[in-house]
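Beneath this line is the structure, given in structure tokens, with notes to follow.
Order of appearance sets the numbers: ligands from 1, and atoms from 1 within every ligand.
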Amino acid sequence: MSKIFDLFIIGGGINGAGIARDAAGRGLSVCLADKGEIGGATSSWSTKLIHGGLRYLENYEFKLVRESLKEREIVYKIAKPISKPMPFIIPYVDKIRPAWLIKIGLFLYDNLGGKSNIPKSKTLNLRKNFPNILQEKYKIGFQYFDIQIDDKELTKLNIKDAKRNKAKILEYNKVKKAEIIDNKWIIHLQNGKKIASKVLINASGPWINETLKKNIKLKSNKKIRLVKGSHIITKKLYKDDVAFTFQNNDKRIIFVIPYKKKFSLIGTTEVEVKSPENKEISKIEIKYLINSVNNYLKKKISTKDIVDTYSGIRPLIEDFNTATKVTRDYVFDLNIIKDLPLLNIYGGKLTTYRKLSEKVLLDLKEYLPNTKKGPWTDKKKLL
Ligand SMILES: Cc1cc2nc3c(=O)[nH]c(=O)nc-3n(C[C@H](O)[C@H](O)[C@H](O)COP(=O)(O)OP(=O)(O)OC[C@H]3O[C@@H](n4cnc5c(N)ncnc54)[C@H](O)[C@@H]3O)c2cc1C
């Protein structure tokens, strides 16, 4: 164990992978370990969208939507071969959201992120444009665009680039313990090896507080809620290369998105859970998703149409200003323990991983004197 790394990252989801890529590209020595497959957890159970998050505007999360829209532009540019713009149609239902509200939302969505290469929103005649897909009662729709991406591949490409810049990546190797000995972090791995590092980053997604408590033996400063989101996959429900955003009576929305040429991806739900391991879709969630589709599409679906399902768990941080509000944004929790930094990364979106990684390196600048250059990942393509 003679080498001392600049940075050790727990977790090879999109956040850990993005930080590893950015740091290694700046000349830092990086080691990352994941207890499973790289990108095999939350970062492959997402809705697979690089999006501003139109619905977050309703919660006044303008900062998050603005940053996400800017990142949508950049991630699309650097990861074009694994992403594509996808039109989304919101059928208008006056009782759920008035047209003026949706129009204001879409105006903000078109403009908050600044200059964009992604087409702007517009109003559509649904009977004329999608007569065979939607029920007759839906006459008007609003179209906007987001980016569909291969989430797991995005994570793997970040790791590939980190490796190219000499990062050490360890898969299927759980971090069992991290402690400070002789002015450095000593990380104990499942395979019995020990790694030394100056900086420790905990990017273990929904396991964040579990990692802190069980493996680093520290109490968390932040309260999180674990929220399960589930998807069902059916055979392609219609031919057109278009996605739908269906509004439910409970004001939640679900997406129906063309998926891997032959399928439709339908999600998602939101169910609070106790453990990050508990990630099976429930019968209630399946019913909720099926009902939602059947409220809109002409051709009804049932459980028989389901070919696969998957669920993921988000750690949502309770906002510190208001006790009840949870935010979709990411939050950093930097602790200096015996002069050594430990950065815990809470929450986030696939969409904002690159900016998050940049901010990590900015916040840790004084602890990383070997940094050779500034931000670079917005220009260099991933493949
Ligand atoms: C249902 C759902 C849909 C979503 N859809 C979208 C979307 O469409 N667009 C979007 O932008 N965002 C979306 N998100 C959010 C996005 O998926 C997450 O923000 C992102 O994947 C989180 O990445 P992460 O690296 O923090 O976590 P993860 O991908 O979970 O990575 C954490 C890693 O840490 C590892 N780990 C844990 N403990 C240890 C340990 N002790 N030692 C070593 N390794 C450990 C795990 O194995 C795991 O691989 C969605 C989230 C959910 C749940």
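- Within the 4.5 Å cutoff, no side-chain heavy atoms of L54 are placed close to those of L108.
- Atom 1 (C) of ligand 1 has G229 O, 3.4 Å as its closest protein atom, hydrogens excluded (heavy atom only).
- In this structure, F88 and Y144 have parallel ring planes: the angle between them is below the 30° cut-off, well short of the 60° mark.
- Under a 3.5 Å cut-off, the side chain of K120 and the backbone N or O of D110 do form a donor-acceptor pair.
- For K174, no nitrogen or oxygen atom sits less than 3.5 Å from a nitrogen or oxygen atom of ligand 1, counting backbone and side chain alike.
- Separation of the F246 and F255 ring centroids does not fall under the 6.0 Å cut-off.
- The aromatic rings of Y310 and H231 sit parallel, their planes meeting at an angle under 30°, below the 60° perpendicular limit.
- If you look at D34 next to ligand 1, the close heavy atoms, those under 4.0 Å, come from the backbone and the side chain alike.
- Closest to atom 17 (O) of ligand 1, if we only count protein heavy atoms, is S46 CB, 3.5 Å.
- Residues K235 and D305 are not paired through a salt bridge, judged by the lack of any N-O separation under 4.0 Å between the basic side chain and the carboxylate.
- Of the protein's non-hydrogen atoms, N15 ND2, 3.0 Å is the one closest to atom 26 (O) of ligand 1.
- Residue contacts with ligand 1, taken as heavy atom pairs separated by less than 4.0 Å, involve L350 via backbone and side-chain atoms alike.
- The distance from ligand 1 to the heavy atoms of T211 drops below 4.0 Å at these ligand atoms: 38 (N).
- The proximity of A203 to ligand 1, defined as any non-hydrogen pair under 4.0 Å, is limited to the backbone.
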query = Please walk me through it: do S230 and E285 pass side chain to side chain donor-acceptor pair (under 3.5 Å)?
reply = CA-CA 7 Å; S230 298; E285 287 175 280; 2.7 Å; yes
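- The distance between the ring centers of Y138 and Y296 falls below 6.0 angstrom.
- Under a 4.0 Å criterion applied to the non-hydrogen atoms of A33, ligand 1 contributes the atoms 43 (C), 44 (N).
- Any N or O atom pair closer than 3.5 Å counts here, and S230 shares no such pair with ligand 1.
- K35 N, 3.2 Å is the protein heavy atom nearest to atom 43 (C) of ligand 1.
- Heavy-atom contacts of V175 reach the following atoms of ligand 1: 40 (C), 41 (N), 42 (N), 43 (C) (cutoff under 4.0 Å).
- Scanning all protein heavy atoms for the shortest distance to atom 28 (P) of ligand 1 gives T42 OG1, 3.5 Å.
- In terms of protein heavy atoms, atom 40 (C) of ligand 1 is closest to I10 CG2, 3.7 Å.
- Residues D22 and W376 bring a donor and an acceptor atom of their side chains to less than 3.5 Å of each other.
- The residue among R72, K177, R314 with a heavy atom at the shortest distance from atom 51 (C) of ligand 1 is R314.
- Within the set S311, P276, G205, G267, the minimum heavy-atom distance to atom 27 (O) of ligand 1 is found for G205.
- At a heavy-atom cutoff of 4.0 Å, ligand 1 is contacted by the side chain of N215 but not by its backbone.
- Against a heavy-atom cut-off of under 4.0 Å, T351 is close to the following atoms of ligand 1: 10 (C), 11 (O).
- Results of the side-chain hydrogen bond (donor to acceptor under 3.5 Å, both in side chains) test with H188 over K174, K194, E179, K193 single out E179 as the only residue that passes.
- Evaluated for a side-chain hydrogen bond (donor to acceptor under 3.5 Å, both in side chains) with Y346, the options N221, N209, D329 yield exactly one hit, N209.
- The shortest N or O to N or O distance between L49 and ligand 1 is under 3.5 Å.
- Remark: ligand 1 and T47 share an N or O pair separated by less than 3.5 Å (distance only, no angle test).
- Distance alone, capped at 3.5 Å, places no donor-acceptor pair between the S264 side chain and the T234 backbone.
- For atom 23 (O) of ligand 1, the choice among A41, G18, G13, S43 with the nearest heavy atom turns out to be S43.
- Atoms of ligand 1 lying under 4.0 Å from any heavy atom of W45, numbered from 1 in the order shown and given with element: 1 (C), 2 (C).
- Under a 4.0 angstrom heavy-atom cut-off, G348 registers as being in contact with ligand 1.
- Taking every heavy atom of S204 and a limit of under 4.0 angstrom, the matching atoms of ligand 1 come to 32 (C), 34 (O), 36 (N), 37 (C), 38 (N).
- Listed by atom number, the atoms of ligand 1 under 4.0 Å from K48 heavy atoms are 8 (O).
- For ligand 1, the atoms closer than 4.0 angstrom to any heavy atom of I14 are 20 (C), 21 (O), 23 (O), 25 (O).
- Within a 6.0 Å sphere centred on NZ of K160, other residues, nucleotides and ligands contribute 12 heavy atoms or fewer.
- Within the 3.5 Å criterion, the main-chain N or O of K349 finds a donor-acceptor partner in the side chain of T352.
- For the pair R354 (side chain) and G18 (backbone), a donor-acceptor distance under 3.5 Å is absent.
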